[in-house]
Amino acid sequence: MHILLFTVLAPVMACAPLCAGEQNTDPAASAHKAVALAQKGRCREALPLLKNATRIANKQLKYQSAMLMARCAMSVDQTQTAVEALLLVNREFPLDPEVLYITTHFYSELASRTSQQLAATAPSSVQAQKLEAEAFESHEDWDKASAEYRKILDQNPRAREIHFRLGRILLSKTPADTEAANKEFQEELNINPANASAEFMLGETARQAGRWDDAAAHFSRATTFDEGFVEAYLALGMSLNAAGKFSDAVVPLQTYVKTQPGDPAGHYQLATAYARTGHKADADREMALQRETAAKTPRTQEH
């Protein structure tokens with residue numbers, strides 16, 4: 001009996017070291033295999049191995065595996081896997097130029113594929129029409145963009161955001177039609193009274209016309225509707241300063257510089273408000289910060 005059992009188990013025992021080796025494949029060797037498969041274009045075979053390879057400790061091999069995982073996933077149209085790979089490389093190698101390049105390229109490609117899918121599956125939907133209008137806007141073809149937005153309103157006169165977009169187009173034209181734009185922004189607020197962007201644009205047109213109190217009222221409402229709308233706090237503070245209401249300008253400007261400490265315009269406006277309300281030390285500090293941030297800020301980014 002013992003001889004029979006040994007005879008049956010002998011092949012298994014002999015295989016044990018080899019089989020264990022096959023089950024516990026060296027992670028680095030497996031990663032190298034995945035890379036080789038991907039480089040030969042055998043992406044469907046490579047992807048499962050590449051996913052495992054991104055977990056290894058070797059940074060260079062992890063980088064190579066994750067980058068190839070993104071490329072392979074894109075080539076076989078596995079969107080979720082591609083996004084996972086892009087998130088991984090951006091987390092692990094955030095300042096790498098090649099990572100930034102492929103992230104830009106692949107997300108753009110994913111956006112293009114998705115827009116094509118939307119156009120193919122729901123060509124008459126509001127979403128497809130908005131994408132079409134946005135494409136015209138990006139090429140500054142204002143008339144065609146407006147026409148697309150008008151089509152949406154023909155289908156649904158109370159569609160949100162459309163009047164706001166029409167108003168924005170009217171301001172983008174040369175010359176800008178401010179009066180017509182304001183009517184569109186107001187119509188947007190009639191449909192959606194809590195639209196912070198429409199309030200902001202009404203504030204901007206009032207500010208540019210020197211109607212400081214009107215501008216401040218619109219900007220104040222914009223910050224109420226959207227507490228994260230940082231530009232509205234700066235615009236509110238600027239309008240209050242211009243109206244001579246320096247003490248009222250301090251709080252919104254403090255809010256702005258806390259969230260945007262690198263913007264010299266915020267420090268300048270807050271310094272002005274402090275100086276005109278008798279807070280010389282605070283004003284001096286903000287002017288120093290204004291000079292410091294201005295030295296670091298490209299001119300094209302200044303307000």
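Predicted, not measured: the structure shown is a model, and the values here were computed from it.
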> When rounded to the nearest 0.5 angstrom, what is the spacing between OG1 in T121 and CD in Q127?
Replying inline: 10.0 Å

> Does CZ belonging to R168 count more than 12 external heavy atoms closer than 6.0 Å?
Replying inline: yes

> More than 12 non-hydrogen atoms from neighbouring residues, nucleotides or ligands closer than 6.0 Å to CZ on R44, yes or no?
Replying inline: no

> Can you list the steps and then say if D214 with R211 is a salt bridge (Lys or Arg N to Asp or Glu O under 4.0 Å)?
Replying inline: CA-CA 6 Å; D214 287 345; R211 303 197 316 273; 3.2 Å; yes

> Checking side-chain hydrogen bond (donor to acceptor under 3.5 Å, both in side chains) for the pair E286/Q269: CA distance, chi angles, key distance, verdict?
Replying inline: CA-CA 9 Å; E286 290 300 321; Q269 291 291 328; over 6 Å; no

>> How close do A82 and A70 get, counting heavy atoms only, and between which atoms?
In response: CB-O, 4.3 Å

>> Tell me whether E227 at atom CD has more than 12 heavy atoms from other residues, nucleotides or ligands lying less than 6.0 Å away.
In response: no

> Below 4.5 Å, heavy atoms only, C-beta onward: do L110 and V83 meet side chain to side chain?
Replying inline: yes

>> Show, in sequence, the C-alpha distance, side-chain angles and deciding distance for L234 and Q260, and conclude whether the side-chain contact (heavy atoms from CB on, under 4.5 Å) test is met.
In response: CA-CA 10 Å; L234 175 62; Q260 300 293 318; over 6 Å; no

>> side-chain hydrogen bond (donor to acceptor under 3.5 Å, both in side chains) for D96 and Y63? Distances and angles first, verdict last.
In response: CA-CA 10 Å; D96 183 85; Y63 173 87; 2.9 Å; yes

>> Counting C-beta onward and ignoring hydrogens, is there a side-chain heavy-atom pair between D226 and E199 closer than 4.5 Å?
In response: no

> So how far is it from K33 NZ to D26 CG, rounded to the nearest 0.5 Å?
Replying inline: 13.0 Å

>> Quick test of your reading of the model: are R285 and D282 salt-bridged, counting only N-O distances below 4.0 Å?
In response: yes

> Salt-bridged, K173 to D143, with N to O below 4.0 Å?
Replying inline: yes

>> Quick check: closest heavy atoms across A34 and A46, and the distance to 0.1 Å?
In response: O-CB, 3.7 Å

> So, does S30 use its side chain to make a donor-acceptor pair with the main chain of P27 at under 3.5 Å?
Replying inline: no

> Is the number of heavy atoms from other residues, nucleotides or ligands within 6.0 Å of OH (Y268) greater than 12?
Replying inline: no

> H267 side chain to P261 main-chain N or O, any donor-acceptor pair under 3.5 Å?
Replying inline: yes

> Looking at E137, E134, K144, E132, which hits side-chain hydrogen bond (donor to acceptor under 3.5 Å, both in side chains) with Y149?
Replying inline: E137

> If only atom types and distance count, is the side chain of E188 paired as donor or acceptor with the main-chain N or O of F164 below 3.5 Å?
Replying inline: yes

> Between L171 and F185, does a side-chain contact (heavy atoms from CB on, under 4.5 Å) hold up when you go through it step by step?
Replying inline: CA-CA 11 Å; L171 291 180; F185 297 138; 3.8 Å; yes

>> Is the positively charged end of K59 above the ring of F93, judged by distance under 6.0 angstrom from the centroid and angle within 45° of the axis?
In response: yes

> If you look at every heavy atom in S239 and F219, which pair is closest and at what distance?
Replying inline: OG-CE1, 3.4 Å

> For the side chain of N182 and the backbone of T205, is there at least one donor-acceptor N/O pair under 3.5 Å apart?
Replying inline: no

> Under 4.5 Å between any side-chain heavy atoms of K130 and I162, yes or no?
Replying inline: yes

> Are E84 and Q80 close enough, and set up right, to give a side-chain hydrogen bond (donor to acceptor under 3.5 Å, both in side chains), and what steps lead you there?
Replying inline: CA-CA 6 Å; E84 289 173 359; Q80 182 173 335; 3.2 Å; yes

> Passes side-chain contact (heavy atoms from CB on, under 4.5 Å), R207 versus E204? Steps please.
Replying inline: CA-CA 5 Å; R207 185 175 71 86; E204 271 297 287; 3.0 Å; yes

>> Taking L86's backbone N and O only, do any of them form a donor-acceptor pair with N90's side chain (distance below 3.5 Å, no angle check)?
In response: yes

> What are the two closest non-hydrogen atoms of P252 and L236, and how far apart are they?
Replying inline: CB-CD2, 3.9 Å

>> Checking side-chain polar atoms at under 3.5 Å, does Y274 have a donor or acceptor matched by the opposite partner on D284?
In response: no

> Does the distance from a Lys or Arg side-chain N to an Asp or Glu carboxylate O, for E187 and R160, drop under 4.0 Å?
Replying inline: no

> side-chain contact (heavy atoms from CB on, under 4.5 Å) between Q64 and L61: does it pass, once the steps are laid out?
Replying inline: CA-CA 5 Å; Q64 192 175 16; L61 203 48; 4.0 Å; yes

> Atom OG of S125 and atom CD1 of I152: how far apart are they, to the nearest 0.5 Å?
Replying inline: 9.0 Å

